[in-house]
Amino acid sequence: MTSPFLVIGGGIGGLAAALALARAGHRTRVLERAPEFGEVGAGLQVGPNASRVLDRLGVLDAVTTHAFFPTRLTLRDALTGERLTSLATGDAFRELFGYRYFVAHRADLHRTVLTACEETGLVELLPDKEVLEVRPRRGGAVVRCADGSEYSTYALVAADGVHSPTRRLLIGDGAPTDSGYVAYRGTVPMEVLARHGGLPEPDGMVIWAGPGLHLVQYPVRRGELCNQVATIDTRRYTEHAGDLTAQLRAAFDQACPDVRTGIQLMDTTRRWSLLDRPPATGWSQGAITLVGDAAHPMLQYLAQGACQAIEDSVALADSVDEHPDDIAAAFRAYEARRAPRTARVQSTARDWGEVLHVDGIGGRLRAALLADRAEDDYQAVEWLYGFDAAGTFGHTTRELSA
């Protein structure tokens with residue numbers, strides 16, 4: 001079976017790419033290895049750079065139906081509870097960037113983009129298709145699946161994640177880099193948290209930063225749930241390494257009461273190793289290209305993994321439209337447009353992880369440097385949140401009601 005565009009991977013990045021191509025009038029087939037299309041995880045932060053793209057794709061209103069709009073992003077010391085700095089995300093933020101910062105449940109965003117793909121009539125969604133082999137061919141590529149099916153395409157878009165087999169074919173740069181950190185992610189009913197005193201900033205998002213650890217907390221699903229992400233350096237906190245719950249709680253045992261309460265309520269049945277790669281090029285070759293984590297996996301510290309995959313989607317569709325008769329040229333143009341941007345995000349995410357997790361004199365210097373920073377000083381994030389898919393600073397056009 002031959003399709004004009006074939007996408008490997010039905011996560012947020014793959015579906016966003018399929019939707020962007022469909023919005024441009026291109027028929028697309030999406031192969032997902034799981035028995036059904038779905039998303040694993042809990043909360044998801046969405047900056048204005050991604051909101052701008054979701055708006056262009058026509059799904060922003062649906063995505064934000066159950067979203068939470070924090071009034072500020074606050075960094076606190078995990079050990080003392082002291083407020084270090086905040087970034088106001090209210091009216092001044094929206095005036096500058098055109099969109100509010102919002103947080104949503106990952107499954108809500110995924111479901112919205114999935115539904116939009118279905119409604120185009122141009123996207124064929126095929127679950128239970130584990131891809132075993134990708135073979136380049138003249139004028140396209142062939143994909144072979146575990147169930148014996150094969151799919152030919154004139155243009156292959158691989159959104160197959162941080163361990164991307166397609167990346168191995170194109171770049172061959174080995175396994176991703178293990179940072180040594182792991183993250184536990186989950187939600188807690190707000191009523192449960194309220195019995196323990198609730199959130200210290202119920203209208204905002206808080207990052208509690210400490211030596212080799214941090215905890216992020218913010219409401220999702222109209223404030224009914226609190227999303228929590230607890231992260232530790234397993235190279236530093238080795239006690240109880242065979243018992244995930246005990247190890248996590250031991251790592252945070254010197255934290256302030258608010259943080260310890262959040263950790264006591266964490267689900268520790270699953271954890272994610274934090275992996276990334278150094279920036280690389282060569283992820284567009286011939287009729288094959290990569291999007292999202294397959295192209296530019298990054299650490300979580302800027303909350304930009306999904307946002308950058310969403311940015312990829314319209315950059316890809318725009319490049320295809322600019323080179324309608326030459327897929328190889330379109331994919332090269334897409335990479336040239338995206339690589340400098342994503343490389344900066346990857347590198348800055350690593351740097352921000354260092355800032356979050358410093359200890360001793362480093363922590364004291366961090367507090368001193370941030371002490372006098374104004375909440376509405378956006379200079380440090382203009383490059384990130386002001387970027388639009390065309391690569392220019394985008395003041396947009398519409399308001400979101402919180």
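By convention here, the first residue in the shown sequence is residue 1.
Checking side-chain atoms of Q308 against main-chain N and O of V345 turns up no donor-acceptor pair under 3.5 Å.
In this structure E201 satisfies the salt bridge (Lys or Arg N to Asp or Glu O under 4.0 Å) test together with R76, sequence neighbours excluded.
A salt bridge is defined here as a Lys NZ or Arg NE, NH1 or NH2 lying under 4.0 Å from an Asp or Glu carboxylate O, and D318 with R56 meets this definition. Between R350 and D276, at least one side-chain N (NZ, or NE/NH1/NH2) sits under 4.0 Å from a carboxylate O, which counts as a salt bridge. Remark: R52 does not engage D55 in a salt bridge, criterion side-chain N to carboxylate O under 4.0 Å. A salt bridge between K129 and E32 is absent, with no side-chain N of the basic residue lying under 4.0 Å from a carboxylate O of the acidic one.
Residues L44 and I12 meet the side-chain proximity criterion, which asks for heavy atoms closer than 4.5 Å. In this structure the side chain of T28 never reaches within 4.5 angstrom of the side chain of L6, judged on heavy atoms. Two residues are said to be in side-chain contact when any heavy atoms from C-beta on lie closer than 4.5 Å; Y184 and L248 meet this criterion.
Enclosure of atom CZ in R366 by more than 12 non-hydrogen atoms of other residues, nucleotides or ligands within 6.0 angstrom is indicated. By the 6.0 Å contact criterion, CG on D372 is open, its count of non-hydrogen atoms from other residues, nucleotides or ligands being 12 or less.
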- [ ] Evaluate ring pair (Phe, Tyr, Trp, His ring centres under 6.0 Å) for Y378 paired with F93, printing each intermediate quantity in order.
- [x] CA-CA 8 Å; Y378 302 119; F93 185 91; 5.7 Å; yes
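A ring-ring contact (aromatic ring centres under 6.0 Å, His included) check over residues 327-353, counting only residues at least two apart or in different chains, returns the pairs W283-Y334.
For H357 and Y301, the ring centers are positioned less than 6.0 Å apart.
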